[in-house]
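All values below come from the heavy atoms of this structure, side chains included, with hydrogens, waters and symmetry mates left out.
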Amino acid sequence: MLDSPGMVLPSLGDEWPEVEQLCVRHNLTGNAVLDAWIADAAQSHHLHLVTFDKGFKGFRKLLKSSMVTVLKA
């Protein structure tokens with residue numbers, strides 16, 4: 001996949017302070033911490049997130065609805 005035309009691997013990590021604040025503000029634990037990081041990384045890089053993970057429906061407040069698509073399995 002990484003060799004596919006148009007594939008870009010953005011650098012991650014700069015968004016972590018915001019993720020920490022989200023976790024504290026919303027009392028996130030476990031998988032929700034990783035979901036928050038993915039959601040915030042997608043938003044900070046202006047990416048559209050496509051996932052089968054229904055847990056991302058809870059992050060629609062963070063991600064504009066036009067920036068996330070939750071597919072049905």
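- Rounding to the nearest 0.5 angstrom, the gap separating the CD atom in Gln43 from the NE2 atom in His48 is 13.5 Å.
- Under the 3.5 Å distance criterion, the side-chain polar atoms of Glu15 are matched with a main-chain donor or acceptor of Gly13.
- Contact record, Val19 with Trp37: CG2-CA, 3.7 Å, taken as the closest heavy-atom pair.
- A search for side chain to side chain contact (heavy atoms under 4.5 Å, CB included) contacts involving Thr51 returns Asp53, Phe56, Val70, not counting sequence neighbours.
- For His45 (side chain) and Ser11 (main-chain N/O), a donor-acceptor pair under 3.5 Å exists by modelled atom type.
- We find the CG-CG distance between Leu22 and Asp35 to be 12.0 Å, quoted to the nearest 0.5 Å.
- Atom CZ of residue Arg25 and atom CD of residue Glu20 lie 12.0 Å apart, to the nearest 0.5 angstrom.
- Separation of atoms CD (Gln21) and NE2 (His26) is listed at 10.5 Å; rounding is to 0.5 Å.
- Expressed to the nearest 0.5 Å, how far CD1 of Ile38 lies from CG of Asn31 amounts to 9.5 Å.
- The hydrophobic cluster around Phe52 extends to Val50, Leu71, counting ILVMFWY residues whose side-chain heavy atoms fall within less than 4.5 Å of a member.
- The structure places CG of Leu34 at 10.5 Å from CG of Leu28, a figure rounded to the nearest 0.5 Å.
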